[in-house]
Each structure stands twice: as C-alpha cells, then as structure tokens.
Amino acid sequence: MTNSKQHTDDFHLVRNNNGEWISDDNVVFLSRIEAGILQVRAAQNGKNLSIQHGFGNRLWCYKHEYEEIIAINIQTPPPINRTLKIKKKMKKTSNAASPLIYKGDKPFKRIARTHQSDFRTNFLKVPFDPDNKYGKYGAFLMPDDANAGLNFCKDFRQEILDRIQKRYPRLTATQHDGLYANMLRSEHIPWNVFIPMAHDLSATAKVFNKILGADEIDEVTDIRIEWAPEKTKCLNDNTSFDTYIEYLHNGKTCGIGIEVKYTEEGYPFGAKERREVMENEQSRYAQVTKSCGWFITEISNRPIRETALCKDEFRQIWRNHILGASMVGNKNIGKDKVEKFHSITLYPHGNQHFNVFLPAYEQFLTDEGRSTFGYITIESLIDLLDQHFPKTKEYQNWINYLRVRYPF
C-alpha cells in the first residue's frame, strides 16, 4: 500500500503518521529546509507543528498549523557595526545570481555545500559575497556575520563564543575563517553539538550509554572541545580529539574521544609525518599500536609502514583511536590517565567514505579493540538527543537547529 490515493472524483488524499487519510486540500508539502525552519519558529513561539511523512518520505504538515506559524511576525534585529564596504557588498549580493558551483567538489560535498548555502539563505537570512574567493560558492559567511557568531546555534551562541575565545585566545586569519566563516567544514560542529549537552550531564550520560550499548557511564564529569593530553607523554604529535567526554565508571575515570567529520574523507601523509610515523618503528604510533592489545597480530607483528593503517583511508581513524590507547593506564599524564577508553567517529549518513571505511577498520581490531571503537551518524545522534534531553524550549530549539543544519 502506498501513502497516497485518488478517488474517482479526483479527490486526493494523503496518509498521516497514524495511518489516517487526509484531504490534500488541508496539507502543505515541505522541503526538508522548510520543515526545519517551521519547527524552529513553532518552538520559539509555542505553536504546534506536526511534521508528517508521506509517500516517498515526502514531508508535509497540516495547513492550519502552517498558516498559523507563517503569520507570526518575526522581528529581525538590524545588523550591528556594518561598515559601508560591507553594506555595499550586501546590496550587491541581494541582486546577484545564485552562488557558483565549485567544480572540484565530489557529489556528496556538492550536496553539502548547496545545503549549507540554502541554510544561510533561508535560515540565517544573510547574503553571500560573490567577490570572495570562497564566499562566491555560498557556504561562507561575510565578515560581520562570521564575527557575530552566525556559524553557531543562536540559543547557545554567546556561551560558545566565550568558550572559543578561552580555548583559542589567538587565531590566525585562516583558522578564524575555518571556524567562524566556513559553513562547510566540520570545525563548528563540536561546538554546536556538545556545548549545549554540558548543561545536562545526566541526559548526556544516557545518550552515550545508548551509543556504547551498555550502562557503563555512571556520571559524565567533563566535556572538552579540541583537547588532547600532554603530547610528549602520549603520541608525541599534535593529534587531538574534536570532543572529549570524561566520565566515571565504578569510581574510575574513563574517556570517550570523538572525531567529527562532515565532508572530509581520507587524506595523505605529510612528508614530516611520513618520516616520523611510517618510517620509524620506534615512534609512539608504532609502540602504542603494537602494545595496546587492540590490533590483530597481522597488524601488531608487522612494520607499521606495511600495514593498512597507514593508508589514507584509515590513518585519521587509527591515530585518534591510539591517542586514546596511549592514555589508558598512563600514569605519566596524571589526572588525564583513564581506566577505559572509547573512540567514536561522528559523521553524516550521506558521507559514503565513512560508511565504507569505518566498518572496514574494524577488521584490524581484536575483540578488545572492537570494544573500544565505534561510530554513529549525526542523524542518529540527533534522534538520541531528542529522546533523552528535556522538552524545554531551549533544548528543542537546539535540536531543531541541528536537524536543519546538518542532515539532508
């Protein structure tokens, strides 16, 4: 049976989530972006909105709910501290054609770039700069909008900006653009996802117990963004966790290291890293890999350069995994020593690279190694947040923001 039908009198019906048939005169079909924006506006203004899934997973809502929400007068504050130069650019972009297509994008990245550009247009309602090297493709914020923190969730924006300033007191221009302006990179995702989670550590524990598949987390004690233990006592390089969750299990300190991906895939060694890791069997990479017990003998008994771990597809996954391994039982790092560790990769379902290579990486692991390794899609994580966090306006705004911003 399909989710739509037609009577002989040409009267069209659609079926709602409860299996009831509704006249299509009483519904409004929506794109995913439109549905997300309506959900946020409804939550912000205390209105009901029931998003339904029709034939082919097409989204729709009831017409009376739609009309009530769009009738709300949204007051948009005027831009602050806009220079004349920026105003001229804004005027120019308002009359500009659509953003250009970047010909070097692979199919998934092209879809993601378009999605972020649409989010900028329809959700943030700010222009792009057609003269900017990156801005002309649409998924790059103009200077004032970037500095105002528009790359971050509005309900937690000031806290996020304060935490970023504390974490990065000085950023180069390139680093600043990557975090504040570039909507397509993954740098902003940990801040938007995990800083709000710190407001309810009990709910956070429930979410991660679901991810780990066991009631292992008794209490979450800290959430850190872009963090690593003292490098000279671990991997002796600049590897860090995009997010680090510290928790207690039976009174012991344990950790979860999270690697966040968006459009990224594998990437090659630099010359220095190749020399120090692949060609040096005394490197911390090699020592930890061989001694931790997480890798099968076909890996641990061979020179690192001869293993698949050094391949572009697996290297980032491997290095974050063994950074955690270097912390387990390591008394040299003091309070950062952990009793147990889990490495988790967070990525969008549409990124086929990680759909293939995360499961493939598991073939290199022993049973013990598999127990320390996992992955979850952004879409699945958002569902868990919705399930376990309180149904307050602030949290619902945040969860709706994540649904609009990242999945597609």
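- Side-chain contact, Gln158 with Asp162: a donor N or O sits under 3.5 Å from an acceptor N or O.
- Aromatic ring centroids of Phe241 and Phe341 lie under 6.0 Å apart.
- Side chain of Asp336 to backbone of Pro229: no donor-acceptor contact under 3.5 angstrom is found.
- Screening Asp155, Asn151, Ile225, Ile195 against Ile160 for a side-chain contact (heavy atoms from CB on, under 4.5 Å) leaves a single residue, Ile195.
- In terms of modelled atom types and a separation under 3.5 Å, the side chain of Asp242 and the main chain of Val260 share a donor-acceptor contact.
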For a side chain to side chain contact (heavy atoms under 4.5 Å, CB included) check, start with the C-alpha distance between Ile223 and Tyr244, then their side-chain angles and the critical distance, and finish with the verdict. CA-CA 6 Å; Ile223 297 178; Tyr244 182 73; over 6 Å; no
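- Arg319 and Thr239 are linked by a side-chain donor-acceptor pair at a separation below 3.5 angstrom, with hydrogens and angles left out of the test.
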Trace of the salt bridge (charged side-chain N to carboxylate O under 4.0 Å, His left out) decision for Lys106 with Glu265: CA-CA 11 Å; Lys106 294 181 180 180; Glu265 297 184 356; 3.0 Å; yes
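- In the model, Asn320 has a side-chain atom that pairs as donor or acceptor with a side-chain atom of Glu259 under 3.5 Å.
- Within a 6.0 Å radius of NZ in Lys337, other residues, nucleotides and ligands contribute more than 12 heavy atoms.
- Salt bridge absent: Arg284 and Asp237 never bring a charged side-chain N and a carboxylate O closer than 4.0 Å.
- With a 6.0 Å radius and a threshold of 12 heavy atoms from other residues, nucleotides or ligands, Gln282 has its CD atom at or below the threshold.
- Taking the six-membered ring wherever Trp is involved, the centroid distance between the rings of Phe357 and Phe314 falls below 6.0 Å.
- There is no side-chain donor-acceptor pair under 3.5 Å between Thr289 and Gln287.
- When ring centroids are compared, His353 and Phe108 stay outside the 6.0 Å threshold.
- In this structure a side-chain-to-backbone donor-acceptor pair under 3.5 Å is present from His342 to Ser371.
- For the residue pair Glu362/Tyr375, the side-chain donor-acceptor check at 3.5 Å is satisfied.
- The pair Lys261-Glu264 fails the salt-bridge criterion, with no side-chain N (NZ, NE, NH1 or NH2) lying under 4.0 Å from an Asp/Glu carboxylate O.
- A salt bridge is defined here as a Lys NZ or Arg NE, NH1 or NH2 lying under 4.0 Å from an Asp or Glu carboxylate O, and Lys252 with Asp218 fails to meet this definition.
- For Trp294 and Phe364, the distance between ring centers is not under 6.0 angstrom.
- In plain terms, the two heavy atoms of Leu402 and Asn192 that are nearest each other are CD2-O, 3.9 Å.
- Within 6.0 Å of atom CG in Asn48, 12 or fewer heavy atoms from other residues, nucleotides or ligands are found, so the atom counts as exposed in its surroundings.
- For the residue pair Glu246/Thr221, the side-chain donor-acceptor check at 3.5 Å is satisfied.
- Relative to the six-membered ring of Tyr137, Arg113 meets both conditions, a distance below 6.0 Å and an angle of at most 45° to the axis.
- With Tyr406 as reference, His188 is the one residue of His115, His349, His188 to meet the ring-ring contact (aromatic ring centres under 6.0 Å, His included) rule.
- By the 4.0 Å N-to-carboxylate-O rule, Arg120 lies too far from Asp118 to be salt-bridged with it.
- Counted by atom type alone, His249 and Glu219 present zero donor-acceptor pairs between their side chains at under 3.5 Å.
- No side-chain N or O of Tyr267 forms a donor-acceptor pair with one of Glu313 less than 3.5 Å apart.
- Checked by atom type, the side-chain pair Asp200/His388 shows no donor-acceptor distance below 3.5 Å.
- At a cut-off of 3.5 Å, with distance as the only test, no side-chain donor of Tyr134 or Asp177 sits close to an acceptor on the other residue.
- No hydrogens or angles considered: nothing links the side chains of Ser117 and Thr114 as a donor-acceptor pair under 3.5 Å.
- Annotation: cation-pi geometry not satisfied between Arg405 and Phe123 (NZ/CZ under 6.0 angstrom from ring centroid, within 45° of ring axis).
- The local environment of NZ in Lys290 is crowded, with over 12 non-hydrogen atoms from other residues, nucleotides or ligands closer than 6.0 Å.
- In this structure, Met197 and Phe208 approach most closely via the heavy-atom pair CE-CE1, 3.6 Å.
- Side-chain contact between Tyr168 and Gln175 is absent, with no heavy-atom pair separated by less than 4.5 Å.
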